[in-house]
Amino acid sequence: MRELILEKTAYTADQLSGNNLPQVALAGRSNVGKSSLINTLGQRRGLAKISSTPGKTRSINFYLVKPENFYLVDLPGYGYAKRSKSERENWGLLIQGYLEDNPYLKSVVLLIDSRIPPQVMDMELAQYIRSLNLGLIPVLTKTDKCKQKQISDTSATWSGILGFSRGPVIFSSKTGKGKDTLWARILAGTGL
Ligand SMILES: Nc1nc2c(ncn2[C@@H]2O[C@H](COP(=O)(O)OP(=O)(O)O)[C@@H](O)[C@H]2O)c(=O)[nH]1
Ligand SMILES: [Mg+2]
């Protein structure tokens with residue numbers, strides 16, 4: 001059985017080196033459902049903390065995936081309005097330091113809230129990921145809260161934006177929908 005083990009937490013750019021295994025990162029706006037998704041993938045509640053106050057996580061967390069031996073890397077959420085300018089700048093520097101010049105990083109899973117239209121920050125991040133020549137795995141979260149019509153509309157809109165023939169993974173942490181598909185795309189995204 002597959003297992004996720006939280007191996008390292010980095011708060012500053014100089015704590016980011018030394019994780020010499022393939023990496024797939026998870027990125028998305030604060031409150032998009034990233035911690036819940038990690039817990040669903042790891043089949044363990046409390047593996048990643050779920051907070052009712054958004055914008056809490058400021059660290060980069062490295063989860064070792066067994067038995068395949070690669071890292072799922074949880075990036076701090078962005079777009080939290082109550083954060084100060086200097087906090088946003090620190091976020092940018094830490095993320096940039098991680099994403100750029102990282103030969104171990106292969107792909108980024110971009111979490112997108114299925115209930116809202118495409119957000120500028122999400123589209124900008126998607127473009128940035130591609131400019132770095134990284135694989136991009138889009139995931140629509142919280143789809144249990146949406147009608148099928150809304151899911152297919154949002155999915156089609158994102159496919160158009162990204163120019164993908166294959167749409168985003170339709171995911172729900174609540175029901176477990178899309179879990180196997182997401183694992184398959186993550187594993188393919190490691191290049192292992
Ligand atoms: N209905 C539903 N709620 C979800 C889902 N995923 C997350 N949530 C809720 O959304 C809120 C934010 O989730 P969290 O995982 O902490 O988001 P993060 O800030 O991106 O890590 C919490 O109240 C979760 O219970 C989902 O798939 N379905
Ligand atoms: Mg979180």
Side-chain angles (χ1 to χ4, degrees), residues 4-39 41-42 47-51 53-65 70-113 116 118-142 158 161-162 164 168-169 171 173 182 185-186 189-191:
L4 283 191
I5 303 152
L6 177 58
E7 196 173 272
K8 184 170 163 184
T9 297
Y11 292 91
T12 57
D14 57 313
Q15 294 170 346
L16 287 172
S17 56
N19 310 293
N20 302 346
L21 287 174
Q23 299 170 14
V24 175
L26 302 166
R29 282 153 49 88
S30 182
N31 210 40
V32 72
K34 192 151 53 61
S35 297
S36 304
L37 178 141
I38 291 166
N39 290 334
L41 291 181
L47 184 64
K49 288 220 172 63
I50 296 168
S51 172
T53 40
K56 278 263 189 248
T57 325
R58 270 142 219 189
S59 54
I60 295 183
N61 304 312
F62 290 79
Y63 293 89
L64 181 62
V65 182
F70 67 94
Y71 287 112
L72 268 183
V73 182
D74 180 22
L75 303 178
Y78 51 89
Y80 180 52
K82 282 189 189 158
R83 220 170 256 180
S84 70
K85 185 158 181 269
S86 70
E87 281 177 307
R88 285 201 301 274
E89 281 167 2
N90 283 338
W91 180 89
L93 287 173
L94 187 61
I95 300 291
Q96 198 179 6
Y98 172 74
L99 293 176
E100 292 183 10
D101 301 317
N102 180 351
Y104 293 98
L105 179 61
K106 305 300 177 191
S107 304
V108 179
V109 178
L110 177 62
L111 280 70
I112 301 159
D113 194 320
I116 55 174
Q119 304 287 297
V120 171
M121 288 189 81
D122 296 333
M123 292 189 280
E124 283 177 354
L125 183 57
Q127 206 167 20
Y128 178 54
I129 291 164
R130 294 183 131 187
S131 76
L132 297 172
N133 277 320
L134 298 167
L136 177 61
I137 305 167
V139 176
L140 293 185
T141 64
K142 309 190 188 184
W158 271 101
I161 291 167
L162 300 170
F164 281 9
V169 178
F171 188 85
S173 293
L182 179 55
R185 284 176 70 169
I186 289 172
T190 62

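All residue numbers refer to positions in the sequence shown, counting from 1.
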Problem - Gap separating the CG atom of Asn19 from the NZ atom of Lys8, nearest 0.5 angstrom - result: 4.0 Å
Practice task
Applying salt bridge (charged side-chain N to carboxylate O under 4.0 Å, His left out), name anything that partners Glu7, two or more places apart in sequence or on another chain.
Solution key: none
Practice task
Using side chain to side chain donor-acceptor pair (under 3.5 Å) as the criterion, list what pairs up with Tyr104, not counting sequence neighbours.
Solution key: none
Practice task
Quick one: closest heavy-atom pair of Lys106 and Thr190, and the distance?
Solution key: CG-O, 3.3 Å
Problem - Minimum side-chain heavy-atom gap Pro76-Lys34 below 4.5 Å - result: no
Fill in the blank from the handout: Scanning both residues in full, the closest heavy-atom pair of Ser173 with Gly33 reads OG-O, 4.5 Å
Handout entry: Presence of salt bridge, Asp113 and Arg29, under 4.0 angstrom
Key = no
Handout entry: Heavy-atom check, side chain of Pro168 versus side chain of Trp158, under 4.5 Å
Key = yes
Problem - Under the side chain to side chain donor-acceptor pair (under 3.5 Å) test, residues paired with Asp14 that sit two or more places apart - result: Thr12
Exercise for the section: Report the residues that fulfil side-chain contact (heavy atoms from CB on, under 4.5 Å) with Asn90, sequence neighbours left out, ordered by chain and then residue number. Expected result: none
Exercise for the section: Grab the two heavy atoms, one from Ala27 and one from Val108, that are nearest each other, plus how far apart they are. Expected result: CB-CG1, 4.1 Å
Practice task
With rounding to the nearest 0.5 Å, note down the distance linking CG in Leu110 to OG1 in Thr141.
Solution key: 10.0 Å
Handout entry: Candidates Val109, Leu111, Ile112, Leu37 - the one meeting side chain to side chain contact (heavy atoms under 4.5 Å, CB included) with Phe171
Key = Leu37
Exercise for the section: Could you tell me which residues satisfy side-chain contact (heavy atoms from CB on, under 4.5 Å) with Leu132, sequence neighbours excluded, listed by chain and number? Expected result: Leu99, Glu100, Tyr128, Leu134
Handout entry: Minimum heavy-atom distance Leu16-Gly97, with the two atoms named
Key = CD1-C, 4.1 Å
Practice task
Measure across Gly189 and Ser107 and return the closest heavy-atom pair with its distance rounded to 0.1 Å.
Solution key: O-OG, 2.7 Å
Problem - From Gln15 atom CD to Tyr98 atom OH, the distance as rounded to the nearest 0.5 Å - result: 14.5 Å
Practice task
Work out which heavy atom in Pro22 is nearest to a heavy atom in Phe70; give both atom names and the distance.
Solution key: O-CB, 3.3 Å
Problem - Approximate separation, where rounding is to 0.5 Å, of Leu125 CG and Leu75 CG - result: 8.5 Å
Practice task
Could you tell me whether the side chain of Leu47 reaches within less than 4.5 Å of the side chain of Tyr63, counting heavy atoms only?
Solution key: yes
Practice task
Dump the intermediate steps for side-chain contact (heavy atoms from CB on, under 4.5 Å) on Leu105 and Val73, then the final yes or no.
Solution key: CA-CA 9 Å; Leu105 179 61; Val73 182; 6.0 Å; no
Handout entry: Partner of Leu26 under side chain to side chain contact (heavy atoms under 4.5 Å, CB included), chosen from Val32, Ile137, Ile38
Key = Ile38
Handout entry: Pair Tyr71-Asn61, side-chain donor/acceptor within less than 3.5 Å
Key = no
Handout entry: Pairs flagged by salt bridge (charged side-chain N to carboxylate O under 4.0 Å, His left out) wherever residues 124-142 is involved - sequence neighbours left out
Key = none
Exercise for the section: Measure the CG-OG distance between Asp74 and Ser35 for me, rounded to the nearest 0.5 Å. Expected result: 6.0 Å
